[in-house]
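Beneath this line is the structure, given in structure tokens, with notes to follow.
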Amino acid sequence: MTATRLEIRGLGKSFASSVLRDIDLQLGSGEIHGLVGENGAGKSTLINILSGLLPRDCGELYVDGKLYSPSNMQNAMQSGFSLAAQELSLIENLSIAENILIRALPKRTLLLDYPEIYRRSKELQALVGLDQLEPNTPLSELSLAQKQLVELAKALALPSRILILDEPTAALSNHQVGQVHALIRERALTGCLVLYVSHRLDDVLNLCDRVSILRDGVIVSTSESSALTTDTLISGMSGKALQSNGLTDKSETCSHERREFVERKPRLKVKNLTTADLPHPISFTCFEGEVLGIAGLAGAGRSELLAAVYGLSAKSSGGVTLIDGEEEIAINAPHQAVKHGIGFVAEDRKTQGIFTQQSLAMNGTITGLQKISNAWGWLLSDRERECTQSLIDRLLVKCDDVKQTIDRLSGGNQQKLLIGRWIHSEASVILLDEPTRGVDVGAKQNIYDQLLNLRDMGTSMMVVSSELDELMTLCDRILVLSDRKLVGVFDRDEWSQEALLAAAFSAHTSLS
Amino acid sequence: MTLIRMIFLSLFSLFILACEGEQAAGDASSSKPKVALIMKSLANEFFVNMAESAKSHHSKNPEIYDLIVNGIKNESDLAQQVALVDQMIAMGVNAIVICPADSKALVPALARAVNAGITVVNIDNRLDAQVLAEFGLNIPFIGPSNRDGAKKVGDFVLKNYPIGTEVAILEGIPTAYNSIERRIGFELAAEEAGAKVVALQSAQWDQTKAAQITSAILSQNPNINVIFAANDNMALGAASAINMAQLDHEIALAGFDNISAIRPLLQNGSIMATAEQYGDKFAVFGIEFAVKVLDGEPGSGDRQTPVDIVTAEGLLSERYGAEAE
Amino acid sequence: MLRRILEQYFIFISLLLLVVFFSFTANNFFSFSTFSTLLNQLPALTVVTIGMTLVLISGGIDLSVGSVAALSGGVIGIASTLLDLPLPIAGLMGVAAGLLAGTLSGWLGGYCGLPVFIVTLGMLEAARGMAYLTTNSQTVYIGANIQKLALPLPYIGVSASFLFAIGLVLVAHLLLTRTVFGRYLVAIGTNAKAARISGIDIKPYMMSVLVISGGLAGVAGLMNTAYLGSADPNAGMGLELAAIAAAVIGGTSLMGGRGSIIGAFIGVLIISVLQNGLAQLGVTEPIKRLITGAVIILAVCIDRWRSGAAVE
């Protein structure tokens, strides 16, 4: 092995309880080192300590043999660290170029040197596959996947000795993931140490030289990735051997039996729908008790379609109709949608999902206050507590009390509660945008179980996901979007990963 | 529900405290009378000087009385001044010497003070006679005749101007007694000199507003030769407006109060005259009067204090109005 | 445990400490008459602060309350003197004027989606102008009749105005913590986007909270008019800032989503005790302001420290 680049000795950190204990790691230069663990295992804390965002309680850090104790992010950057964070650190009002180069904007005397900024930005954009975008595009116009690539480009903008990537591919399509991995390998060849944190276990095994598994704040193993499989990783992360179903087994033998639809009752009809983002008319029907997947490459208009169905974005033409028994109700705004039993779990938990600093009870019941209040709009605290507690029990949310703030939950548990909202309000249609983004393996399986349970009880769902496995596990039918057009509808017996991918790429291949 | 408990707790304890304090309040009145001076804005130099001279008067006579000085944030904050009066009543002072921020709105509060057995002396801005009568009060006013002062300033400025000269007047807050009196004084002077008042507007005693209003007046009435401002702050504002219109020395400007900021403008001729009413002594006059009443002298009847004209040459020697004593 | 109690009751303890401090230092501060005086000058600020706290919690701000209170007072003054209407009717007209101003701000800021800060800044100017217009820029003397509202009632030493204000504090507290309406305000203030996705039609709530604030400013105008016995078109200047300060001292966040009506009321008490105590000590105006400012900033620092401790 090559020279040791980063050494961690006896590192420990605790907030209320111990989060990291006795972390010992020796990472070589040029190494790509994977770090996996369930949400709440301590990965983010470790990354935050390394990049100077959190102080450590005990232990020492050495970079190239020299003692390293950062007190802020600037220290970390000076020591050669560079971080692409999972919760993106970008500024919406600035352009792509300004975001990428913000840590060291080229200047000519006192003024910013924009030609130089745009030239360097172009180079870095090309590296991450964003070369089709103008460097002066405002960040706010980008999709989440594109923003994630910008975050990566920003991390690559400065020369670094240690590159930390926290879920860099969470929002990316498979094609983009391959591109990013090639880039990471190239960086490692120059001697840079890459610390790669991801929930995508296949990717971790493919890319990394060695992998460390973190469980409950302790590193339980560090091994060469050639000696590992996804199964051993999962059992290492969860601490128990995984029964062979669900995630790892791609042939899909789900514990839930699929119902045969004797008589398919339509629940949600979308007819000739167009919006500013979706110029081509889209029509489809979602049936009662059906899980309808929406697949496509990043930027194909998947999230935009979901938002339009929910009434979040204005329609240019066409309409969305909810069929409730004999009644047909047009849906034009979210509050109408919710009133008639449609729910939405947005892609970005932090900005569009949770109410920070509010209690679990508040977060879990906000969509169905009528169920915990009397006719005068008076909230009944006992009902509130009961309802929240039953959600928590049902969804296995790990928490102390229904009155604690949601901020203290891990991402997976937050996500469960956000889905729980719509269980509480008894929504008959739930739209889910990347329902397991940034969620650990255990919680992921649990969320799948819950969703399939809901389906069995007659709830209709539409699911957007970048992971084809996820769609193939959950869905009865999958719609495929390519370049903002609906290009295909696949039934369970007619789909395969290849067929879906081919459809997703169809608009691009036919153009070129 | 903890918060509800909290509020009851807080109210309850306040009352407990209040009731216990009641006994202690009685014996606080020692042999020396306590005099409360309630000013208007202590951001205004005029009132600051008044308070200062009251304090130095007190420090020379510490054995005669105790002094507590309070003022309000800005001159139109009536509610705060009423609150101060109530506080002083609660505190159990023997006399209140007050420059009322409003000639009517302060009367009810002062009536409470009189009913509580407190000697009240009115300085600077005279309380409204009608409202006083309604409350059956007879609060002595110790101060200058604003009307005479303004009249004399007006006479002095207009003596070299022909009949038909156009005059503008900037008044203060239109309800304030001293603003009304000064306006009437200026109007009387104009009438006697045969001048014509073509504009009368309120700039609320405020320099910035005075500048804006003067600019507007000047552009509407280009023939104006004389501007009277009911205080120097407004005169300063008017001066800057005149300056901006490049009409310096073509328009005669007069103020009232003789604040220090106006002296350079008197020297360079931008402002022709102002009135010195020995404002810094008002409070002292009032306090002396209050102490005498507390000693048993008859407490009714007003006292007039002197007003002089000030020009670039300094104080004009002639004095108007009666002496303080 | 002690730490928890300290955190929870922090503002209340600070208030008691202030009272104790002034009781030892200021002459006669510790007396029935002082406390009675102090409480009876609170109602207007209290009522305005209730409205302000609700608006702040929903993520907005209402800068117009002081001017709207003056407008309400002006309407009451003219209605009861020039139009010779009975006082209850005049009072209702004043409150109606406040509601009207609030409805206009609410419609522009809540429904048409203009920035609330700017709309209410505009209303601050416009309502002041209206107040000058209605009163012809003069203080309207109404008389002793209306003052009955503000004078201490026998035996209990506090005024009807004060009791009414306390009633409003309790009602608003329950509205905020115990009703669907209050819960929605908190949700909107915490995260408007998430609230919209959760199916809350934001606009009516943004509007109604401004209507409430306007109406309460109208009530404050009535109380202030009663306190002075006259309608002063210059009344309530800077009232909005005092209300924001009280709300912030009471733990309300300017970013929305967090705050308490009871806390804000204690904030009002703290500001008033400070004002009265310093006045009785004979502290000069510049020092008074210095201290008041420092207390506001200190309150935010402590609040930051407390909520920071809670999150970590």
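Just so it is clear, the model here is predicted, and its values are computed rather than measured. In what follows, chains are A, B, ... by sequence order, proteins preceding strands, each numbered from 1.
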Q) Just how far is it from atom CD1 of A:Ile366 to atom OH of C:Tyr184, taken to the nearest 0.5 Å? A) 6.0 Å
Q) Relative to chain C, which segment of A:Gln352 carries a heavy atom at a distance below 4.5 Å: side chain, backbone, both, or neither? A) both
Q) Shortest non-hydrogen contact from A:Leu379 to C:Thr177? A) CD1-O, 4.1 Å
Q | Proximity breakdown for A:Ala346 and chain C, heavy-atom pairs closer than 4.5 Å | A | side chain
**Q.** Contacting region of A:Trp376 [heavy-atom separation from chain C under 4.5 Å]
**A.** neither
Q) Are there residues of residues 211-218 of chain C that reach to under 4.5 Å of chain A by heavy atoms, and which ones? A) none
Q. Can you pull out the residues in residues 186-198 of chain C with any heavy atom less than 4.5 Å from chain A?
A. C:Val186, C:Ala187, C:Thr190, C:Asn191, C:Lys193, C:Ala194, C:Ala195, C:Arg196, C:Ile197, C:Ser198
Q: Taking the side chain as every heavy atom from C-beta outward, state whether A:Trp378 and C:Val180 have any atom pair closer than 4.5 Å.
A: no
(Q) I'd like to know if A:Glu384 and C:Arg183 make a salt bridge, using a cut-off of under 4.0 Å between side-chain N and carboxylate O. (A) yes
Q. Out of A:Ile354, A:Leu312, A:Thr365, which one racks up the most heavy-atom pairs below 4.5 Å with chain C?
A. A:Leu312
Q. Between C:Arg178 and A:Ser381, is any pair of side-chain heavy atoms under 4.5 Å apart?
A. yes
(Q) Atom NZ of residue position A:Lys315 - does it have more than 12 heavy atoms of other residues, nucleotides or ligands inside 6.0 Å? (A) yes
(Q) Using only non-hydrogen atoms and a strict under-4.5 angstrom cutoff, which residues of residues 108-119 of chain C touch chain A? (A) none
Q | C:Phe181 atom CZ, over 12 foreign heavy atoms within 6.0 Å | A | yes
Q | Inter- and intrachain pairs under ring pair (Phe, Tyr, Trp, His ring centres under 6.0 Å), touching residues 333-366 of chain A, at least two apart | A | A:Tyr310-A:Phe344
(Q) Measuring from atom CD1 of C:Ile200 to atom OG1 of A:Thr367, what distance do you get when rounded to the nearest 0.5 angstrom? (A) 9.0 Å
